[in-house]
Amino acid sequence: TIVMLHPRKTIYKTLYDRYIESYPDNITEEDNQTLEYIDTKVGEYLSNKYSILITQWNGKQHKDMMYLAAMNWKIKDTYANIAKDASVVPDTWSNSQIWHSYNHYCDPEAKKVGVANAYTYAIQAKSYYGKGQLQNAYTYLGYSSHFFTDLSNPLHTGQAYQQIKPGNRWVHTAYENYVSDNWNKGYKYNNSVRSATSYYQITDPSKSATSLATYTHQYSKYIFNVYYSPTKFKSDSNLIKYTRKCLIAGEKYSNGLVNI
């Protein structure tokens, strides 16, 4: 197998065509392994050339957004922490990056798996709360918040096929890494989240998650294209502005989720 290590080139076109035809229901383990191999090699190339680290979202965004939402409603700290800790658990439910992406993703113009998950766990949280089972209620609240927080990332709501092209998946992880690196320092995106103390009322979690996905989707193409130019993304003023807007929207929905 010949792998061309440059993100602007077509990498193993026959594999890509097969992948698009199979996505998401007929992907084999061999497909998974091959794509993971390509991603590793492309990641190594980009890390060496542009000093980009390809890492998993570290979870502090999920935890902070959930905990701050709970604090905005003055939830008892014990339960706020249960929800906060649960907010990162959905990332552990699958070892497959492909299936993880599929289940944590919602293009409002296509399949809405991320919305379905946000809805399911919100309804379960509400049910447990009504029964007085508070530990379960806040655990499932944390699960649901994970999917709402994911949908505040425009690369979870658009540019799906561009991202899954062999050699392109580094863009998604690089953007999440950038947000993590600038969470408490640099552009301090955490401060934007802290400023979002109002909320969007949620009566139907599915509709609210779709609304959030629709909002962030409008920025997905721009963010993907900026990240496809590794020398420019760190100081792009629109990237900073759009990231703040999406995180603030996500936190307002998180606030509403606590009050469901």
Quick one: pull up [atom1] in [X] and [atom2] in [Y] and give me the separation to the nearest 0.5 Å.
X	Y	atom1	atom2	value
Lys126	Ile260	NZ	CD1	5.5 Å
Trp73	Leu68	CH2	CG	15.0 Å
Thr149	Glu251	OG1	CD	7.5 Å
Asn153	Leu247	CG	CG	8.5 Å
Leu141	Leu257	CG	CG	5.0 Å
Met65	Tyr253	CE	OH	12.5 Å

Kindly give the heavy-atom pair with the smallest separation between [X] and [Y], and that separation in Å.
X	Y	result
Leu151	Cys106	CD2-CB, 3.6 Å
Ala125	Ala137	CB-O, 3.4 Å
Gly250	Ser152	CA-CB, 3.8 Å
Tyr219	Cys246	CD1-SG, 3.4 Å

Quick one, Met66 with Val258, criterion side-chain contact (heavy atoms from CB on, under 4.5 Å). Give me CA distance, side-chain angles, the key distance, then yes/no. CA-CA 9 Å; Met66 178 69 262; Val258 176; 3.7 Å; yes
Can His217 and Gln159 be counted as having a side-chain donor-acceptor contact under 3.5 angstrom?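 There is no such pair (donor and acceptor under 3.5 Å, judged by atom type) between the side chains of His217 and Gln159.
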Report yes if the side chains of [X] and [Y] come closer than 4.5 Å at any heavy-atom pair, otherwise no.
X	Y	result
Ile223	Leu155	yes
Ile75	Tyr138	yes
Asp181	Asn177	yes
Thr139	Tyr128	no
Pro154	Tyr175	yes
Asn191	Asn184	no
Asn117	His146	no
Ser180	Trp183	no

Closer than 3.5 angstrom, by distance alone: can the side chain of [X] be matched with the main-chain N or O of [Y] as a donor-acceptor pair?
X	Y	value
His104	Asp150	no
Asn168	Gln162	yes
Asp64	Asn190	no
Ser144	Tyr140	no
Thr157	Asp107	no
Tyr242	Thr216	no

For residues 77-89, which side-chain N or O atoms pair as donor and acceptor with protein atoms under 3.5 Å away, sequence neighbours left out?
{"residue": "Asp77", "atom": "OD1", "partner": "Tyr67", "partner atom": "OH", "Å": "2.5"}
{"residue": "Asp77", "atom": "OD2", "partner": "Asn81", "partner atom": "ND2", "Å": "3.0"}
{"residue": "Asn81", "atom": "OD1", "partner": "Lys84", "partner atom": "NZ", "Å": "3.2"}
{"residue": "Asn81", "atom": "ND2", "partner": "Asp77", "partner atom": "O", "Å": "3.0"}
{"residue": "Ser87", "atom": "OG", "partner": "His62", "partner atom": "O", "Å": "3.4"}
{"residue": "Ser87", "atom": "OG", "partner": "Lys84", "partner atom": "O", "Å": "2.6"}

For the residue pair Tyr189 and Tyr187, does the interplanar ring angle fall in the parallel (under 30°), tilted (30 to 60°) or perpendicular (over 60°) class?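 Rings of Tyr189 and Tyr187: tilted, as their planes differ by 30° to 60°.
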Does atom CD of Gln133 have more than 12 heavy-atom neighbours from other groups under 6.0 Å away?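 More than 12 heavy atoms, drawn from other residues, nucleotides or ligands, come within 6.0 Å of this atom.
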Please check if atom OH in Tyr129 has more than 12 non-hydrogen atoms from other residues, nucleotides or ligands closer than 6.0 Å.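 12 or below, so no.
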Go through it in stages, so that I can follow the logic: the residues are Gln163 and His156, the test is side chain to side chain donor-acceptor pair (under 3.5 Å), and I'd like the CA-CA distance, side-chain angles, deciding distance and then a yes or no. CA-CA 10 Å; Gln163 292 185 69; His156 274 269; over 6 Å; no
Side-chain donor-acceptor pairs of residues 198-208 under 3.5 Å, sequence neighbours excluded:
{"residue": "Asp204", "atom": "OD1", "partner": "Ser206", "partner atom": "N", "Å": "2.9"}
{"residue": "Asp204", "atom": "OD1", "partner": "Lys207", "partner atom": "N", "Å": "3.4"}
{"residue": "Ser208", "atom": "OG", "partner": "Asp204", "partner atom": "O", "Å": "3.4"}

Identify, with sequence neighbours excluded, every residue that meets side chain to side chain contact (heavy atoms under 4.5 Å, CB included) alongside Ser192.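 Testing Ser192 for side chain to side chain contact (heavy atoms under 4.5 Å, CB included), a comparison that skips the adjacent residues, returns Arg244, Ile248.
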Hey, mind stepping through Asp236 and Ile240 against side-chain contact (heavy atoms from CB on, under 4.5 Å) and telling me if it holds? CA-CA 7 Å; Asp236 185 274; Ile240 298 166; over 6 Å; no
Aromatic contact between Phe147 and Tyr143, with the criterion being ring centroids under 6.0 Å apart: yes or no?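 Aromatic pair excluded; centres sit 6.0 Å or further apart.
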